[in-house]
Every structure is written in C-alpha cells, then in structure tokens.
2 protein chains.
Amino acid sequence: MRKDELLNAAESLLADQGAGCLTLAAVAERAGVSKGGLLYHFATKEALIKALIERLIADFDELVAAQDESSYTRSYLAATLAAVRSGRLRRWAVVTGAAGDPQLLAPLREAMCRWHRAGMEAEADPMAAQIVRLACEGLWDVATHDPEIYDESQYEELHQRLLALLPSP
Amino acid sequence: MRKDELLNAAESLLADQGAGCLTLAAVAERAGVSKGGLLYHFATKEALIKALIERLIADFDELVAAQDESSYTRSYLAATLAAVRSGRLRRWAVVTGAAGDPQLLAPLREAMCRWHRAGMEAEADPMAAQIVRLACEGLWDVATHDPEIYDESQYEELHQRLLALLPSP
DNA sequence: CGCGCTGTACCGTCCAGCCGGTATAGTAAC
DNA sequence: GTTACTATACCGGCTGGACGGTACAGCGCG
C-alpha cells in the first residue's frame, strides 16, 4: 500500500531528524513523492500523524497477539522483548513528540490503559503481573533512549527473571 | 529567580496546550512578560527548551538524593513513587515532545543512562535492581498517560512488592 | 473520457529572532 | 547633589522565511 510507504518515510524522518523537521515537504521528498502526492493520501498533517500513531499501536497489539503464551502478561512481556531486541523501536518516544496537539495522543492513552489493565482479573497474582508490565514499559523507555544498555544475554536473563515473578501457570 | 518563573510558564503551557502551542509569544504572555523580556533571559527558543529539560533532570536527581535509603535503587524507587503520587508529573512526556531537535534530548539520554547504570556493582542482586528501576521507569510512563490507574493503596502495595524484590540490606 | 494519482506553483499565516527604545539602579567623579 | 556613564531588565514592532494547505494542470490506463 502506498500509504504505508508514506508512513514509513515519515517514521524514519522522525527517527533521525526529530519532530521539528517533520514537514510535509520533507516527508514527501523522503518517500520519493511530491507534496501534492502526499496530501492526496493524507489530507492534512494531522491525519498523517494520527495514522502514524494508530499504526504504531496496531502493530504492537498484533505482536502481542502473535505470541503463544498462557497469559496476557506473558504475551506482553514476550512481545516487548521481541520488539526491543529487534531494535525497531526508535519510534515511540519520537512519534509522541510529533503530536503538537495532545488530543492526538488520545488513542495512545487508551492503548496504554488497555495494556496495563487488560486481563488483570485473570491473573493469579495481579500485582506481580502489574510489576512485570511496568518493567516492560520501562524497558521500552530505557532502550529507546539508550539502545546499547543491554546485550543479548542480559535480555535473556531479564526475560527469565521477569517470568519467574509470575506464578507458574 | 525570574528564569524559573519563565520556565514554569513554559512548562504549564506545555502541559495543557501541547508542544504545538509552545511559542515564544505564548510563553511570554503566560509569564506576564513581553516577548522581548523573555528573549532577554533565553536568547533562543532552543535555549528555553534546553533549560526546561535540564531543570527537569536536576529536580529528579535532587529528589533521589533527598531520599534516606540504603541503596541507590531504593532511593530511586522512593523518589519515583513520591513524584508519581504527588501528581507533579505531566511534565516529562510533554517536554521531551517539545524538543524538535533530538540533540536537545542528549542530556536526557545521559541522565537515563546514569539512572539505570549507577551503582549497579554495589547491588547484591544487580538484575533485581535492574527490574525495580525498570518498573519505576514504566510507572512514570503509565502514570503520565493514565494518572487514574493506581490509587494510594496500590502505590503502597507496589512499593512494598518492589522493595521485596531487592535482597534485604 | 473518466479516474486515480502525481507534480508545480502559489497564497496566507504564523512565528522566531532582531533591534531600537525605555526605565531603573548603581557608581563615580567633581 | 548633580551630572555623566554603564549595566541590567524589559518592551513591542518588524521582517524574513518557512510551512500548511489550495488550485490546477498534467499523465497513464482502462
């Protein structure tokens, strides 16, 4: 889909130039399209950013759903580690920054709420699940700002230790 | 200090209007100062944002240092919970968003690195300390996006559970 | 031709930063 | 104590440029 390529362009631009440089002209150029072409697909800049955020959320939800684990928390943990390890994560922090209007972040707030409340009643030890999910969130944050902080073996150990916090199924 | 009032104005504007509305004129107006007056103290908008970020980091570092705990991790945990509970935290996510230029976030990256590496060798169980710190980071994030998610008793329980993860001193 | 899509030229707005000016206070010489 | 000078703090109009959005003119394809 053409739209996806445009979103990719916006995303990569955002990643290595920052929110300040996210102009319609720049996105169009990076996507190898004229500004008119870009605006044909996204009528306004807001629409572009909105799509960016929604795709981000949908991607992660999909990744969580794709995990074959026995609880939401375990899937969430596995998905987070997979995402972080793959290095495809410069995105989050920067995208949220691109939203000049805080209302654009509403879907993100909704998702955040979902990610940290979903399936809590099904957990044997809800507070332990809470902690694991919080650590996942923190991992996103830290790894985004400092990608070198953990190596493969540390990720592995982190995964094991976090799993160990959850009551065995 | 006059500069602090200007930073406060910028911060509150950022909190309830978003990064898009952070203009020199708007900051000046909210601070009850003319644009020229604002620019007298911060020669450029970049300088203003830089100061905003640096003050944020310094404030938190101070809060951590003020805790009377037996390890950095414990102080970090106590400081995080104090900050989150006090509700004075709409700031982080939004301020980082205001930085158009990613280079402005360099101090934040440096701080993040420090917060998650400092004193690790002094920890009896480094990975447990890591997990606690990550959960702190996640708590910031989640509570920023969804301030209602935890009530006082949950914060208290969270604190106890996280402390329990650390080897007793 | 009609339709999906692209490219170009242009407009209006908005904003950062500049600059000339004002007010107050301190200092120092006479 | 008055004059002259300097530093600090602040004001507000101006402008140049950038950017979002619009209008319109292709262009290939069925």
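Quick caveat: nothing in here was measured; it's all calculated off a predicted structure. To find a chain, count down the sequence lines: A is the first, B the second, and so on, and within it residues start at 1.
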| task | Find out whether B/Val142 and A/Gln130 are in side-chain contact, i.e. whether some heavy atom of one side chain is under 4.5 Å from a heavy atom of the other. | result | no
| Less than 4.0 Å between a side-chain N and a carboxylate O, is that true for B/Glu46 and B/Lys50? | no
| message | Please report the distance, rounded to the nearest Å, between CZ in B/Arg2 and P in D/dA9. | response | 11 Å
| query | Would you call B/Glu156 and B/Arg85 a salt bridge, taking side-chain N to carboxylate O under 4.0 Å as the test? | reply | yes
| Taking the side chain of A/Tyr40 as its heavy atoms from C-beta onward, which of D/dG21, D/dC10, C/dT6 lies nearest to it? | C/dT6
| Whole angstrom value for the distance that separates P of D/dT22 from CG of A/Leu24 | 11 Å
| said: Just the rounded figure in Å: distance from P of C/dG7 to CD of A/Glu29. | reply: 12 Å
| request: Using whole Å, report how far CG of B/Leu6 lies from C1' of D/dC11. | output: 14 Å
| said: I need the NZ-C1' distance between B/Lys3 and D/dC10, as an integer number of Å. | reply: 15 Å
| field | From D/dG20, C/dT6, D/dC11, nucleotide with atom closest to B/Val33 side chain | value | D/dC11
| task | Output the single nucleotide from C/dG17, D/dG21, D/dC10 whose closest atom is nearest the side chain of B/Thr44. | result | C/dG17
| said: Mind checking if B/Leu22 touches a base, just sugar-phosphate, or nothing, with heavy atoms under 4.0 Å? | reply: sugar-phosphate
| query | D/dG20, C/dC15, D/dC11: which one has an atom nearest the side-chain heavy atoms of A/Thr23? | reply | D/dG20
| note | A/Glu62 meets the side-chain hydrogen bond (donor to acceptor under 3.5 Å, both in side chains) criterion, sequence neighbours left out, with none
| When we call it a touch if two heavy atoms are under 4.0 Å apart, what does A/Leu48 touch: a base, just sugar-phosphate, or nothing? | nothing
| request: Mind checking B/Leu39 for me? I need base, sugar-phosphate or nothing, with any heavy atom below 4.0 Å counting as a touch. | output: base
| Taking every non-hydrogen atom, the tightest pair across B/Gln154 and B/Ile149 | OE1-O, 3.7 Å
| field | Among D/dG21, C/dG7, D/dC11, the one nearest A/Lys35 by side-chain distance | value | D/dG21
| message | So, does A/His41 get its side chain near the phosphate of C/dG4, meaning an N or O under 4.0 Å from OP1 or OP2? | response | no
| query | How is B/Lys45 classified with respect to the nucleic acid when contacts are heavy atoms under 4.0 Å: base, sugar-phosphate, or nothing? | reply | sugar-phosphate
| query | Please give, in whole Å, the distance from D/dG20 P to A/Leu38 CG? | reply | 10 Å
